[in-house]
Every structure is written in C-alpha cells, then in structure tokens.
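Remarks on the structure that follows.
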Protein chains: 2
Amino acid sequence: MATARGRPRGFDRDLALERLMQVFWAKGYEGAQLNDLTAAIGVKPPSFYAAFGSKEAAFREAIDLYIATIGAAPMRALDAAATVRAGLRAMLEGSVEVALSAKPGGCLLILGVVNCLPVNEAARAHLLNARRKTVALVADRLRRGVANGELPAGTDIARLAAFFHGIMQAISFQARDGATRAELLALIDPALRALDPD
Amino acid sequence: MATARGRPRGFDRDLALERLMQVFWAKGYEGAQLNDLTAAIGVKPPSFYAAFGSKEAAFREAIDLYIATIGAAPMRALDAAATVRAGLRAMLEGSVEVALSAKPGGCLLILGVVNCLPVNEAARAHLLNARRKTVALVADRLRRGVANGELPAGTDIARLAAFFHGIMQAISFQARDGATRAELLALIDPALRALDPD
DNA sequence: GCCATTCTATAACTTCTGCTACAGAAAGGT
DNA sequence: ACCTTTCTGTAGCAGAAGTTATAGAATGGC
C-alpha cells in the first residue's frame, strides 16, 4: 500500500461528490455552473479540478453515484415485488418519491441534459445510455412475467417497456413543473391498465 | 395609413420568425445562440435586435407561432373527432408526426426549456403556461365526453388530462432520444387503455 | 437636393464561462 | 532538517455569451 504522500485533501471527496450530484440534479448539467459546484463543496476551482478532473468528469461520477443510490431504489422495487403488476407499481411509486425528494424535482437521468450545446453532447450521450439501461431492466422484468405465465406469451416486451419508461418520464417532467405527490401518483393507475388482457 | 418611412427592412420578418422557430425547436432556448439565430435569417445582430427586440422576445414570438401552426394540428384533431377515444388517438398520432417533423425531434413547448439558468426563468414560465393550456384543452374534450354520456359521470377529468399530457411528454422525450415512428405510435394503444371501463 | 427616418454592417463592450499558472502550505520519506 | 509530493487560494487566462455604439446606406417627404 502506497501511503498518502503530500498535503492531504482538505475536504471529504465522497461527501463532495454527493453535493455535486445534488447540484447537477437541481440545475442540470449546463445549468450547474462551476461557481455552484465549487460553492457547494466550499472549495476553490483548483481543488475541484485536482479532485474531479473537469466538469464533465464530475458529472459522470455524479451520474454513477445517482444510479447506485437514488435511482437504484425504484429498480430494486421492480424486481422485489411478487408480480409484474406489483413490481411496476412499486417502481412508479418509487419514481414519484425520487422525483419529489429534491427541488425542483424530477429524475436526474431523464432531465439532466435535454437540450445542450454541441460541446456538451458527450454528457447527453452518457445519460441516454443510462436511460437505455432503465428500459432494459423493465424489459427484463416483463420477460420474467412472460416466462412464469403471468403475462401472455405474445406480449410485446419492448413496447411495454418503452411505455412504462414513458410514464417515468411523464412523472419526472410533471414533478419539474410543480405537480404534487397526489397528482403524480394519479398517473400510475391509468398506466397500469396497459397490463390488462385484451 | 402611415406610409413606410426610412430604409426598408432587407428581409421578410415573417419568414425570419419561422426560421427562428425552427432553430429554437431544434436547439432549445438556451441552446439556440444568437449566432445560430442570426445565421438562420442571414442577418447581423443589429438587424435582429431592431426586428425582434431581444432573444427572449424572439423566443416568445416563436412560441406563439408554433402554437398557432405546428402545435394547433393535434389539438384540432382532438376536437374534430367524433368520440373522445378517437380524438385522443388523433391528438397523440398528431403529436408523433409533430415530434418527427423536425430534428432532433420532440415538441418545442415540452422540450424548449427544461433546465435553465435563473436569468432565463421567464422563458421557462412562458412554456409552462403554454403546457397548462394544452392540459386544459384535453380536459375540455374529456368534459364534453362526460356531458354526452360517452364517459361515466364520475370520471376524474383532471387526472386523465394530466395522464394524456404525460403521454405527449413521453412521445416528445423518446422522439428526442431517437425513437422511430413505429416506436412512438406503439405508445398510443397502451395509453388509451386508460379510457376502458373499470 | 436635402432632410428626417429607418435599416444595416463593423466592431466592440461587458459579463460570464470553464479552466489554470503560480506561489504558498501541509504532509511523508530519509 | 531538507526534499519531494500534493493540496490550497489568489488571480487571471482565453473564449464565448448577449447586446449595443457608431457610422454608413437606403428609402419617403418636401
């Protein structure tokens, strides 16, 4: 083990990353300015760059942290439930809680970069990739439902996965627009009708 | 009628506004830089400012034009159809066409400003207001459906209106993420299940 | 022809962006 | 004690953002 050389860092990097995540969550990638980021850590730019490399690298780390912590709960709920329907309901209810747990609300993976300058296309691509993984997890759960006979054999997995991901996007967007918990939860029942037999 | 005094404008203001709308549509409010806007008209900044006042004023005009032209078609289709179900289907299909009719896709009212700097909060508020009007139009159509007996008397109008607006948001987001026409249209049938009787 | 009026282009301004050169401070190695 | 290594704050970089002062060009009115 190489012992720590040089002057030790004056702040907790893990805690700092958590705060960076909060700032990116609240303001989006481009809306989060270096001022906001460094102020949230209580540190000057050189320390920020020494610890995280660049704004984009910090964003990627923040995204990974978000996926591992905040975003993981709804997807775990999806898998843990006994039935597909209960799993999707739990996932969507979890998404509502996530969307309300920060101001101004919504999912970082969905809202973090929507429009961006060409310079920041890489950050957008990183989020797009994360969203695709979300859809894949929903598809996996649906596939399990077909395998164990809960859903009919001819079920269009991709279509339903995209649909329920669409409901998550709607929850995020409406939370960002100031919807209440009751309003967001009210989106779930109509959506679950998509599982009804023909 | 006061006759035109002074040097006449060297470009067609209406055509220019249409091009500004296209740029805002493609890049969003903050993503559309003055460079892009003036280049799209073929004009230098002072002419832009003489004609439109400011970037934000131009955006508001572009939004109004979008609502009156592009955005009006789905809402007209909603009203023109014989039944609520057919109207909602036509509205959503129209939204798909709108979302695919420009690159990189999606609705200007939904995606034009998502994250923004505090300075640009007014532009965001302008779009938020336009979205509320969309929801109100859907609610009106649902109310007509209750009035003529097509929907049950106890129907939760606000809930369903928010839900179908959520589907429009999902269409916009997924179009922006590169979904095909078939994928976007596949969101509609599951959504219309929300109208099924209990 | 000359005036007032209005549009246009050149060129710049102010402000802010992400980022960094520099010098000093705080630690371990020897 | 001294060197190396690494973090820290001050101060400022180059570039781009939206916007505008200025001077010139093009029209109608008289």
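Proteins get letters first, then strands, A, B, ... in listed order; numbering begins at 1 in each.
Classification of the B:Tyr29-B:Phe59 ring pair by plane angle, with boundaries at 30° and 60°, yields tilted.
Comparing C:dC19, C:dA9, D:dA26 by their closest approach to the side chain of B:Pro8 singles out D:dA26. For A:Leu34, counting side-chain heavy atoms from C-beta on, the closest listed nucleotide (C:dT6, D:dT6, C:dC19) is C:dC19. Nearest to the side chain of A:Arg5, among D:dG9, D:dC7, D:dT4, sits D:dT4.
Tested against B:Met91, the residues B:Val138, B:Thr134, B:Asp79 include a single side chain to side chain contact (heavy atoms under 4.5 Å, CB included) partner, B:Val138. Just one residue in the list A:Ile188, A:Thr83, A:Leu142 forms a side chain to side chain contact (heavy atoms under 4.5 Å, CB included) with A:Leu88, and that residue is A:Leu142.
For A:Lys55, a side-chain nitrogen or oxygen approaches OP1 or OP2 of C:dG18 to under 4.0 Å. For B:Ser54 and D:dG18, the shortest distance from a side-chain N or O to OP1 or OP2 is not below 4.0 Å. The shortest distance between the side-chain N/O atoms of A:Tyr49 and the OP1/OP2 oxygens of C:dC19 is below 4.0 Å. OP1 and OP2 of C:dC7 both lie 4.0 Å or more from every side-chain N or O belonging to B:Ser47.
If you measure from atom CZ of B:Phe48 to atom P of C:dT6, you get 21 Å, rounded to the nearest angstrom. When rounded to the nearest whole Å, the span between CG of B:Leu37 and C1' of D:dT19 equals 13 Å. Remark: P of C:dT15 and CG of A:Asn35 are 15 Å apart, rounded to the nearest angstrom. When rounded to the nearest whole Å, the span between CD1 of A:Ile41 and C1' of D:dT8 equals 14 Å. Rounded to whole Å, atom C1' of C:dT20 lies 18 Å from atom CZ of A:Phe52.
A donor-acceptor contact closer than 3.5 angstrom is absent between the side chains of A:Arg124 and A:Asn115.
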Practice task
Take A:Tyr66 and A:Cys107, measure what side chain to side chain contact (heavy atoms under 4.5 Å, CB included) needs, and give me the verdict at the end.
Solution key: CA-CA 10 Å; A:Tyr66 181 92; A:Cys107 170; 3.5 Å; yes
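If you find the closest nucleotide of DNA chain C to B:Leu117 and to B:Lys44, the one lying nearer the 5' end belongs to B:Lys44. When the nearest nucleotides of DNA chain D are assigned to A:Gly10 and B:Arg7 by heavy-atom distance, the more 5′-ward of the two goes with A:Gly10.
Contact annotation for A:Phe11: backbone-only contact, meaning every heavy-atom pair under 4.0 Å involves sugar-phosphate atoms and none involves a base. Using a 4.0 Å heavy-atom cutoff across all strands shown, B:Ala58 reaches no nucleic acid atom at all.
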